[in-house]
Trainee: 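One structure follows; several queries about it will come next.
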Amino acid sequence: MPELPEVETIARALAPRLRGRRIVSAEFRCLRVLIGDPDRTSAALAGRRVLAVQRHGKFIEIQLDAGQSFVVHLGMTGKLLMNGAPGKHTHAVLTLDRGALLYDDSRQFGRLELSAGLPARVRKLGPEPLEVAFEDFESRVRAHKTKIKALLLNQRFLRGIGNIYADEALYRAGIHPLAVARRLHRDRLKKLHAAIRKVLGEAIDAGGSSVSDYVDVDGRQGSFQVRHNVYQKNGAPCPRCGARIRRILVTQRGTHFCPQCQKR
DNA sequence: ATCGGTACCTGCACGC
DNA sequence: TGCGTGCAGGTACCGA
């Protein structure tokens, strides 16, 4: 489900409401989404205090005292809800000294993990796309020989970009999703670097994109979906040139682009 | 070592 | 109404 802007929106809303709270108890109802033993995890969480909430790519780190971190990845349909009503797909309930945090995930692709510091799968992520300098961005692109769309989805290249923002950034940069990454000229990579920053920044300002079921911690939708130019707009006219937006598959992911504006 | 295909799960929209 | 198909903001794992 959520990409960097959605996860950032969630982390920003969560931080002031979790910071300083104490976890009274933790209950796990679905073993698939929990990495680790449920009883040991519950026991270790009980009594911990929340120090901070941070985003790392698409991961949310709830930093606890005693050097522990409760790390959440929302997968496709994961939701973190403050004081929501538990439902059919509520897989975890953290009861706090004030209120409760629920983890809801119909497809069960998300993962929850209590770890000492950050787990390896977070540590091996590439840099934040909003922080990476152009020189670093360019040398990372040159290190791969795959198609640019596939590279943007690779979390070891950059952390946090997913299917929506990959398509939207490539559209804004005028780059065809099947272009071979390392063969792109410097000026086109500069456009892409800027487009990524711009689209992610605008999406964060809009509270993310609610395409089907994304909501923030209070159950509110984002609004960036109304500004998508290509994502899930196949057959619609390109806002720039009027040509029909096309949908193709790139490494099994639906990929949307303007065949006129985006060249290899 | 890197790449691409597949598996994992549920729900929804669609055509018949 | 019901069934089959295809599709969906994700990553992990496997073999080439």
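Note on naming: letters A, B, ... go to the chains in the order of the sequence lines (proteins, then strands), and numbering restarts at 1 for each one.
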Trainee: What pattern of brackets, bars and dots sums up DNA chain C from 5' to 3', given Watson-Crick or G-U wobble pairs under 3.5 Å, [ ] for crossing pairs and | for another strand?
Mentor: .|||||||.|||||||
Trainee: Cation-pi between Lys79(A) and Tyr103(A): NZ/CZ under 6.0 Å from ring centre and within 45° of the ring axis?
Mentor: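 Verdict for Tyr103(A): no cation-pi partner in Lys79(A).
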Trainee: Can you identify which nucleotide, out of dT2(B), dT11(C), dA8(C), has its nearest atom closest to the Arg107(A) side chain?
Mentor: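 So the side chain of Arg107(A) is nearest to dA8(C).
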Trainee: So, Arg17(A) and Asp218(A), do they make that salt bridge, N to O below 4.0 Å?
Mentor: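 The answer is yes: the pair qualifies as a salt bridge.
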Trainee: So, is Gln155(A) close to the dT11(C) phosphate, meaning a side-chain N or O under 4.0 Å from OP1 or OP2?
Mentor: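 Indeed, a polar side-chain atom of Gln155(A) lies that close.
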Trainee: Mind checking who shares a hydrophobic cluster with Leu125(A), ILVMFWY linked at side-chain heavy-atom distances under 4.5 Å?
Mentor: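 Reading the cluster by chain and number, Leu125(A) sits alongside Phe59(A), Val71(A), Leu118(A), Val122(A).
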Trainee: Which residues, if any, of residues 221-230 of chain A bring a heavy atom under 4.0 Å of DNA chain B?
Mentor: none
Trainee: Within residues 114-132 of chain A, which residues have any heavy atom lying less than 4.0 Å from an atom of DNA chain C?
Mentor: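 Heavy-atom contacts with DNA chain C come from Arg121(A).
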Trainee: Tell me, do Asn154(A) and Leu152(A) make a side-chain contact under 4.5 Å, heavy atoms counted?
Mentor: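 The answer is no, as the side chains (C-beta and beyond) never meet within the 4.5 Å cut-off.
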Trainee: Considering only distance and modelled atom types, tabulate donor-acceptor pairs under 3.5 Å from the side chains of residues 255-264 of chain A, sequence neighbours left out.
Mentor:
residue	atom	partner	partner atom	Å
Thr255(A)	OG1	Lys149(A)	NZ	2.8
Thr255(A)	OG1	Arg253(A)	O	3.0
His256(A)	ND1	Asp167(A)	OD2	2.8
His256(A)	NE2	Gln232(A)	N	3.4
Gln262(A)	OE1	Cys258(A)	N	2.8
Gln262(A)	NE2	Leu170(A)	O	3.4
Gln262(A)	NE2	Ile175(A)	O	2.8
Lys263(A)	NZ	Pro259(A)	O	3.2

Trainee: Are Val211(A) and Ile161(A) connected in a single hydrophobic cluster, I mean Ile/Leu/Val/Met/Phe/Trp/Tyr linked by side-chain heavy atoms less than 4.5 Å apart?
Mentor: yes
Trainee: For Asp104(A) and dG11(B), give me the distance from atom CG to atom P, rounded to whole Å.
Mentor: 11 Å
Trainee: Find the distance Gln232(A):CD to dA8(C):P and express it as a whole number of Å.
Mentor: 6 Å
Trainee: Could you state the CG-C1' distance from Leu153(A) to dT11(C), rounded to the nearest angstrom?
Mentor: 11 Å
Trainee: Could you check whether Arg140(A) pairs with Asp136(A) (Lys NZ or Arg NE/NH1/NH2 to Asp/Glu carboxylate O, under 4.0 Å)?
Mentor: yes
Trainee: Tell me the interatomic distance from Leu4(A), atom CG, to dT11(C), atom P, rounded to whole angstroms.
Mentor: 12 Å
Trainee: Rounded to the nearest Å, what distance is computed from the CZ atom of residue Arg111(A) to the P atom of nucleotide dT11(C)?
Mentor: 12 Å
Trainee: Rounding to an integer number of Å, can you tell me how far Asn234(A) CG sits from dC14(B) P?
Mentor: 13 Å
Trainee: Taking salt bridge (charged side-chain N to carboxylate O under 4.0 Å, His left out) as the definition, give me every residue that meets it alongside Arg111(A), ordered by chain and number, with sequence neighbours left out.
Mentor: none
Trainee: If I take atom NE2 in residue His73(A) and atom C1' in nucleotide dC8(B), what distance separates them, rounded to the nearest angstrom?
Mentor: 14 Å
Trainee: Check the surroundings of atom CZ in Arg142(A): do more than 12 heavy atoms from other residues, nucleotides or ligands lie under 6.0 Å from it?
Mentor: yes
Trainee: Under 5.5 Å between ring centres and under 30° between planes: does that hold for Phe109(A) against the base of dC8(B)?
Mentor: yes
Trainee: Categorize Tyr231(A) for me: base, sugar-phosphate, or nothing, with a 4.0 angstrom heavy-atom threshold over every strand shown.
Mentor: sugar-phosphate
Trainee: Closest approach to the side chain of Glu3(A), judged atom by atom: which nucleotide of dT2(B), dT10(B), dG10(C) is it?
Mentor: dG10(C)
Trainee: Just checking Arg240(A): does its CZ atom have more than 12 heavy atoms from other residues, nucleotides or ligands closer to it than 6.0 angstrom?
Mentor: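 Yes - once you tally the heavy atoms of other residues, nucleotides and ligands closer than 6.0 Å, there are more than 12.
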Trainee: Strictly by modelled atom types, are Ser69(A) and Glu61(A) linked by a side-chain donor-acceptor pair under 3.5 Å?
Mentor: yes
Trainee: Rounded to whole Å, how long is the line connecting atom CG of Leu151(A) with atom P of dG4(B)?
Mentor: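 Going from Leu151(A) (CG) to dG4(B) (P), I get 10 Å.
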Trainee: Give a yes/no on whether any side-chain N or O of Lys88(A) is located under 4.0 angstrom from OP1 or OP2 of dG11(B).
Mentor: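 Yes, Lys88(A) has a side-chain N/O under 4.0 Å of OP1/OP2 on dG11(B).
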Trainee: Which other residues belong to the hydrophobic cluster containing Ile35(A), where Ile, Leu, Val, Met, Phe, Trp and Tyr are joined when side-chain heavy atoms lie under 4.5 Å apart, directly or via other members?
Mentor: none
Trainee: When you check the gap from the basic side-chain N to the acidic O, do Arg172(A) and Glu202(A) get nearer than 4.0 Å?
Mentor: yes
Trainee: For Glu135(A), enumerate each residue passing the salt bridge (charged side-chain N to carboxylate O under 4.0 Å, His left out) test, keeping only those at least two apart in sequence or located in another chain.
Mentor: Arg186(A)
Trainee: Tyr171(A): which other cluster members, linking ILVMFWY side chains closer than 4.5 Å, directly or transitively?
Mentor: Val230(A), Ile245(A)
Trainee: Contact list please: residues 140-150 of chain A against DNA chain B, heavy atoms, distance less than 4.0 Å, in numerical order.
Mentor: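 Residues of residues 140-150 of chain A that come under 4.0 Å of DNA chain B are, in numerical order, His144(A), Lys145(A), Thr146(A), Lys147(A).
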Trainee: Are Leu151(A) and Leu153(A) joined in one hydrophobic group, where the rule is that I, L, V, M, F, W and Y side chains link up if heavy atoms are under 4.5 Å apart?
Mentor: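 The answer is no; the residues belong to distinct hydrophobic clusters.
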Trainee: Considering only heavy atoms, which members of residues 245-253 of chain A lie under 4.0 Å from some atom of DNA chain C?
Mentor: Arg247(A), Arg253(A)
Trainee: Could you pull out all residues at least two apart from Phe157(A) that satisfy ring pair (Phe, Tyr, Trp, His ring centres under 6.0 Å)?
Mentor: Phe137(A)
